[in-house]
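Working notes, beginning with the structure itself.
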Number of protein chains: 2
Amino acid sequence: MSVRPFYWKRRDLLILDQRQLPDKIKYLRSESPTDVATLIRAMAVRGAPAIGCCAAYGMVLSVQLGPSHPSFSRLVESAKILKEARPTAVNLAWALDRMILMAKSHEGVSRSRLTEILLKEAKKIEAEDFENNKAMGRAGAALFGKEAVILTHCNTGALATAGHGTALGIIRELHLQKKLKKVIVDETRPYLQGARLTAWELDQEHIPHELITDNMAAHLMKTERVSAVIVGCDRVVANGDTANKIGTYSLAILAQYHEIPFYVAMPLSTLDLSKKTGMEIVIEERPSEEVVTFAGKRIAPKKTRARHPAFDVTPGILITALITEKGVVKPPFGENLRSLRGRQRRPEQSYEIASSLCSSQ
Amino acid sequence: MSVRPFYWKRRDLLILDQRQLPDKIKYLRSESPTDVATLIRAMAVRGAPAIGCCAAYGMVLSVQLGPSHPSFSRLVESAKILKEARPTAVNLAWALDRMILMAKSHEGVSRSRLTEILLKEAKKIEAEDFENNKAMGRAGAALFGKEAVILTHCNTGALATAGHGTALGIIRELHLQKKLKKVIVDETRPYLQGARLTAWELDQEHIPHELITDNMAAHLMKTERVSAVIVGCDRVVANGDTANKIGTYSLAILAQYHEIPFYVAMPLSTLDLSKKTGMEIVIEERPSEEVVTFAGKRIAPKKTRARHPAFDVTPGILITALITEKGVVKPPFGENLRSLRGRQRRPEQSYEIASSLCSSQ
């Protein structure tokens, strides 16, 4: 089993501090939803599915800490704190809405009973994420023949999910099926998730890989055989427009120019049909300090300010296909995503109810 | 006057150690061509025009150190050592060929006389580079109206030249003419020349700028008004194909996708008509260590290997125009570059003779 980015232990959530990887493996204890929100905001834990799971456990912590007769408005308040920790990823809101709906349907029960119910639901979200990743891995691997060379961005592995990974889950599956030649890993500035996390996961499992700086991708696409680019996502909207780690949009343009397929690994929990196009996605701007400092050292003059959009939006027209736990979705995304969501168990309507419950607070 | 990346002092060449910027301003003394080659290889000095000038002074050092009756074959040997320090930039070979030809036409003179002659020639190369940069700046600035927003890559400023700069020289001129709104500076991994050097030069002269990681360029091209991308070059061949710092090719594709002009600032000393297309340009592969280590700290697992092509080749078809000291060259580059070279003082033939003198050793 791959490394665990978080786990529940007795009454607490333990979160692996990914900022310290690959140097140190250290878990930080969270005892309240505020603790969890702080670690999400500080990027101790990152990756859309992983923060969704952590937020779900954050709701359990909220009930545990609260009055013996749980207050629903207190829960909604906790969900709000957690939701605001990172605005771009939809899984966070999705997991919180699911927890809120579960609590709503058990209003009036005791604290210990509600804790039990919510803990069960959080564990279910985690287990489903893991299983969905495996299914997505199989669906994605089926797209490739032998000797695949995959270029990937950021970290979409065990560390970004409940284990296994989305885009990296597909890569793991390709390796398992002996269809992988090598992975080209974008270092992914400014947080270096590729260098610090993806290379670390691949190294742990002896999966062949080469690290590159983000600006080398085009040169390799031109001078070597790259079978495909596979990335994860933080939010996919109705027309297929996809928010993901800064640098993804750039890769999609470069892939199109070189006629290389560009795939997005998308758990259905990342699909947000409430938004029509990428124009409606809020892009988080993070502090300039995170760009002008590299590995703890300042790299630019003191007065120089940096931009720091943490994500960008790749238009659906640049995406060859979305790879989900229910199979591969091809364009036209508008139509095909609607029919896919229609086949899901969880009705769209309940998502909207929960959203309005949260946003009304 | 802007900072000097090198200067001649009595009998030595002093080279600013750019690896230590922006933290420290420290000059290193070179007493032999081998000293100069070592500092070029180690990137204490970088930028095609600057290393061309330093190599020219390296030839003066060679004569100074040598026998009282200068040996021509010894000079050719020194040129070879200097030329091999960095294979991609053509200015290095160009400046060395010019020094060799000058020495050849004074065969038989004494060491002190030849030292004097070569020192004069090296100073002339330096002065011409400075004047050419100023002329290029004026030619480039004429392409823009008010409120220009220029995206640039690597460092092409005073530090990369004999002072002033190529692409950054155009930006300086725009600022002088009050036509510049701001500069968007790619940090330029792995050496961070943008963050450490370009931002530093801009900061010194209070020119408004914003630093970005290389992977943010596409997002800014989409979400903000970018007037043009302007970059430098290490070698431009007959059809306009251009070798420049890794990441340039990527920017050219992104600029084309967003319909933003893409300009290359090219001193004529960087033009290599002996090569037909970019396929013939040797791309320097530098050590993996320079990518996986930053400021003495490792950013990836120990076993992870990185790729490190130091340059890439941008096809001429992606370039809107080449900006030279003799004016702006538009496509078709094949035809227009040939006629431009035809108008130059230095005959193409002598360049070829010098090249063969050097390569025969």
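Quick note on labels: first sequence line is chain A, next is B, and so on, each numbered from 1.
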Side chains of B:Arg305 and A:Glu210 in contact at under 4.5 Å (non-hydrogen atoms): no

Selection from A:Lys303, A:Lys297, A:Lys222 maximising heavy-atom pairs under 4.5 Å formed with chain B: A:Lys222

Residue pair A:Ala195 / B:Pro301: nearest heavy atoms and the distance that separates them: O-CD, 3.4 Å

A:Phe294 side, atom CZ; B:Thr213 side, atom OG1 - distance, nearest 0.5 Å: 11.0 Å

Separation between CD1 of A:Ile283 and OG1 of B:Thr223, rounded to the nearest 0.5 Å: 9.0 Å

Structural part of B:Leu220 lying under 4.5 Å from a heavy atom of chain A: side chain

Side chain, backbone, both or neither of B:Pro22 within contact of chain A (heavy atoms, under 4.5 Å): side chain

Chain A contact via B:Val185 - which portion, at a heavy-atom distance below 4.5 Å: neither

Any side-chain heavy-atom pair of A:Arg189 and B:Asp214 under 4.5 Å: no

Region of B:Asp186 in contact with chain A, defined by heavy-atom distances below 4.5 Å: neither

Results of ring pair (Phe, Tyr, Trp, His ring centres under 6.0 Å) for B:Tyr27 - residues two or more places apart only: B:Tyr7

Interface moiety of B:His153 toward chain A, non-hydrogen atoms closer than 4.5 Å: side chain

Proximity of residues 242-255 of chain A to chain B, residues having a non-hydrogen atom under 4.5 angstrom: A:Ile246, A:Gly247, A:Tyr249, A:Ser250, A:Ile253, A:Leu254

Interchain contact, A:Gln256 with chain B, by part (heavy-atom threshold 4.5 Å): side chain

Residue selection (most heavy-atom pairs with chain B, distance under 4.5 Å) from A:Arg307, A:Glu187, A:His219: A:Arg307

Crowding at CZ, A:Arg286 (>12 non-hydrogen neighbours, <6.0 Å): yes

Heavy-atom side-chain proximity of B:Val291 to A:Met216 below 4.5 angstrom: yes

Which atoms of A:Glu290 approach chain B - backbone, side chain, both or neither, heavy atom under 4.5 Å: neither

Test log, rule side-chain contact (heavy atoms from CB on, under 4.5 Å), inputs B:Val292 and A:Leu211: CA-CA 8 Å; B:Val292 295; A:Leu211 185 66; 3.9 Å; yes

